[in-house]
Amino acid sequence: MVAFFVPFVSLLLLLSPARADQTDPSPMVIRLQRVPGNGTHFYVGRLSVGSPKQTFSVLFDTASGHVLLPHSSCMSKACQKHKQFFPYKSKTSLDVNSNGLPVQPEHKLALGKVKRDAVSLDFAQADLGEGSAKAVLVKDRVCIGSEVAPLCTEVDVMAAVEMQHRLFEEMPYDGLVGLGMGGLSAEAGSDFFSRLVASNPTLVPQLGMSLGAQSGELYVGHQEASRMSKELTWFPVLHPEDGFWEVAVKQIRLGNRTLDSCQSGCRGVIDTGASRLGVQKDSFEVLRSALATATPLVGGGCQGEDLLFDLGEMTLKLRVEDYAAGPSCAPQLGSLDLDPKEGFAGVYAFGEAMLRQYYTALDWTQRRIGFAPAAPRRVPLSRGGSPAPGRNVHKQRQREKAEGLQSGRCLAAGGGALRSKPVASWKTSWEGWPAPMDLSSARKLASSLGATSSARRASGRVLQAAARALVEAQEHLGAAQLLLELRDFGVEREVLDRRLTPSEAEQLFDEAAVRLGHAYLNANLWGNAWEALIAACAQPRLSQPLASWALSGLASAAERGCKAATEPLRQVELLQGALDAEAVWGALPRERREGLEIYMALSLEKIGRVKESKALLTRIAQQGSAERRQQAEWALLVQDAESPTATAEGREMRQIWDQVAPTTSTSLRSGRTGAAMGGQGRRKADGLDGAWPVLAMLLLALPLAVPLLLIGR
């Protein structure tokens with residue numbers, strides 16, 4: 001979304017920062033969900049404002065520069081359709097003018113009729129058109145990141161008192177967070193990222209973006225190499241004083257045919273607020289006519305040349321399926337009405353269609369943009385074809401059950417056995433799905449998905465019938481492949497071919513997404529299961545029964561992942577994802593949720609975040625269920641046992657712990673010492689990584705073990 005400010009221009013959108021310190025080069029991860037909006041899609045995340053916090057869904061927009069939310073006083077239709085910001089409900093809100101000073105020094109919020117600065121904003125968006133808004137400035141605390149360890153800063157929020165036109169009415173999110181550079185900000189107090197960096201001196205001013213078919217990530221503070229298939233190629237930002245993240249384009253081609261030699265200059269703007277490729281109005285018809293040569297294929301799909309943007313050291317490519325869609329393969333372009341007199345000439349907005357193909361890195365310090373081909377998000381399944389029916393399934397399940405009881409894989413349920421079962425009706429009911437396909441045909445379709453274009457064009461109904469057949473035969477790898485195809489492509493094809501209404505498609509997408517996660521889980525691919533179910537739980541209109549089933553699987557995936565992960569930070573990420581989803585849906589049984597929180601507390605202590613660990617354990621010890629209270633109390637005693645002021649009870653607890661877990665108690669101490677010493681000590685404690693789930697299981701089993709030990713005495 002390209003934005004301009006009128007008297008003092010303000011741009012939108014809130015950013016997500018990350019903590020980057022010298023001992024931890026990992027970026028903060030802001031998870032994004034792809035949501036539909038009037039025939040287009042946008043990647044949306046969450047932020048909170050004020051105290052007590054008010055939570056909003058926001059678009060993280062690289063082509064604007066401010067945080068924009070609807071003010072509670074706004075009566076425009078667009079404001080009423082979205083969640084509004086109520087400053088009077090926040091203890092930390094302060095009405096300010098553009099100079100950052102209070103509107104009324106004697107009052108936090110302006111009272112009565114008072115003269116105050118207002119901001120006019122004009123927007124041009126490649127998908128939803130143009131729009132304008134008027135806003136006042138409200139200084140408040142804005143936070144992003146996890147519930148356990150959010151990253152916050154104080155910023156002047158653009159609180160819109162008027163929002164006009166289709167753009168704001170149809171946007172499928174509440175507000176915007178601008179990730180543009182300083183040139184897009186009207187005044188220093190409203191530049192979110194600059195404020196964030198100033199408030200957090202250790203924060204490395206970099207962003208990375210990875211967008212998938214239905215979800216994505218925004219990385220703050222560092223780049224994520226696992227999302228790239230090659231190293232980044234860097235390009236200088238063109239006209240950084242303007243504030244846009246834009247690169248110089250040397251030539252535009254369709255196959256071998258040159259469409260624009262860019263003699264007068266062309267530029268590509270990174271625009272996460274656009275779904276389709278945006279094209280300046282005076283170049284729109286030329287490009288649309290060229291792309292209209294794409295032709296439909298028998299059975300669905302399109303055939304055509306690649307659209308190429310030559311940057312010099314690298315060429316960005318859009319395939320025909322990225323720019324053409326529908327039965328007639330119509331070009332999917334958005335028109336940008338930009339004034340050449342203001343210096344906008346030869347502008348192309350690289351929106352979702354382009355950004356899904358490439359990992360994109362933004363570097364504030366060196367004013368540069370990096371591109372790398374995106375690493376495949378699909379994990380190769382059934383490389384040798386689908387497994388034979390029932391092959392080793394029973395033995396594998398028996399092994400997993402035994403391992404879970406011995407090592408604490410399911411420790412969130414307490415004692416090893418899962419007490420939270422998936423919603424039975426969703427496991428056995430296939431209401432609305434076609435009858436299962438014959439098994440041999442289903443296997444053939446699953447094994448050919450990655451190899452033939454005809455399989456890739458299978459209708460949604462065919463994919464449903466094949467997936468159902470393999471699920472019922474317990475051939476989970478093949479079923480996952482089919483459900484992935486159905487979720488990412490099949491549902492959309494049904495809508496384009498008018499076989500499903502948008503509401504029917506939404507329901508099918510949600511069910512396919514949850515079934516996909518459970519297929520991965522049953523195939524023992526916990527990483528795939530966790531990612532699929534995180535994406536499913538981010539769907540805003542997920543039904544409560546589906547949410548319960550999704551959360552049950554997500555908790556199991558997180559627990560399995562913590563057992564397999566060798567990096568404690570990864571354990572924290574897995575558990576935090578499950579707990580964040582639970583905070584939204586509240587669908588897990590209380591004891592299961594508290595079990596995850598205890599596991600999270602132990603993992604936080606392992607990486608040196610002892611204060612947060614103690615806070616979690618203290619809350620459970622005071623407010624948890626009877627069994628969880630006891631476990632949390634014992635965990636706190638273990639943590640306190642090495643303190644110089646440890647109580648006699650604490651020291652006795654340490655002695656008992658040493659008897660119950662003699663092989664891990666020394667490592668536990670070294671882990672705590674390493675956390676206190678910093679990065680060097682933490683690296684020495686990494687030898688405990690593999691034993692950490694065992695350690696956690698022993699702690700949760702301690703209330704049962706200790707009475708036996710005491711009796712033995």
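Since the model is a prediction, treat every value here as computed from it, not as a measurement.
Under a 3.5 Å cut-off, the side chain of W245 and the backbone N or O of L179 do form a donor-acceptor pair. A donor-acceptor contact shorter than 3.5 Å links the side chain of H82 to the backbone of M171. A distance-only check finds a donor-acceptor pair linking the side chain of T272 to the backbone of F60 [under 3.5 Å]. The closest donor-acceptor contact from the side chain of S548 to the backbone of Q544 lies under 3.5 Å. Here the side chain of W585 pairs no donor or acceptor atom with the backbone of L551 at under 3.5 angstrom. A donor-acceptor pair under 3.5 Å is absent between the side-chain atoms of S72 and the main chain of F86, judged by distance alone. Judged by distance alone, with hydrogens and angles left aside, the side-chain atoms of Q33 form no donor-acceptor pair with the main-chain N or O of G45 at under 3.5 Å. For the pair E605 (side chain) and V610 (backbone), a donor-acceptor distance under 3.5 Å is absent. A donor-acceptor pair under 3.5 Å links the side-chain atoms of D61 to the main chain of A63, judged by distance alone. With hydrogens and angles disregarded, a donor-acceptor distance shorter than 3.5 Å links the side chain of Q357 to the backbone of A353.
For the pair S613 and K606, the minimum side-chain heavy-atom distance is 4.5 Å or more. Looking at W526 and K563, their side chains never come closer than 4.5 Å, going by heavy atoms from C-beta outward. Counting heavy atoms from C-beta outward, T62 and L362 have side chains that approach closer than 4.5 Å. Put simply, the side chain of Y219 reaches to within 4.5 Å of the side chain of E217, judged on heavy atoms. Taking the side chain as every heavy atom from C-beta outward, C79 and Q84 approach each other to under 4.5 Å. Between Q623 and I620 there is no side-chain heavy-atom pair separated by less than 4.5 Å. For the pair C562/L575, a side-chain contact is recorded, criterion being any heavy-atom separation below 4.5 Å from C-beta on. In this structure, the side chains of D140 and S93 come closer than 4.5 Å at one or more pairs of heavy atoms.
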Please report the C-alpha distance between K53 and C143 in whole Å, then the side-chain angles of each, then the deciding distance to 0.1 Å, and finally whether the side chain to side chain contact (heavy atoms under 4.5 Å, CB included) criterion is met.
-> CA-CA 9 Å; K53 66 182 181 182; C143 299; over 6 Å; no
Might you work through the salt bridge (charged side-chain N to carboxylate O under 4.0 Å, His left out) test for E511 and R515, ending with a clear yes or no?
-> CA-CA 6 Å; E511 186 174 349; R515 288 191 182 277; 3.0 Å; yes
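Taking S625 as the reference, R590, E591, E594, R628 meet the side-chain contact (heavy atoms from CB on, under 4.5 Å) condition, with sequence neighbours excluded. When the side-chain contact (heavy atoms from CB on, under 4.5 Å) test is applied to R356, the partners found at least two apart in sequence or on another chain are R34, Y43, L211, A213, E352. Qualifying side-chain contact (heavy atoms from CB on, under 4.5 Å) partners for E154, counting only residues two or more places apart in sequence or in other chains: K139, R195.
A salt bridge links E612 and R609; the closest N-O separation between the charged side-chain nitrogens and carboxylate oxygens is under 4.0 Å. Under a 4.0 Å N-O distance rule, the pair R31/E573 qualifies as a salt bridge.
Of all non-hydrogen atoms in L554 and A578, the two that sit nearest each other are CD2-CA, 3.7 Å.
With rounding to the nearest 0.5 angstrom, the CZ atom of R487 is 13.5 Å from the CG atom of L482.
Ring orientation note: the planes of W549 and H518 are close to parallel, at an angle under 30° on the 30°/60° scale.
A donor and an acceptor atom, one from each side chain of Q223 and Y359, are located under 3.5 Å apart.
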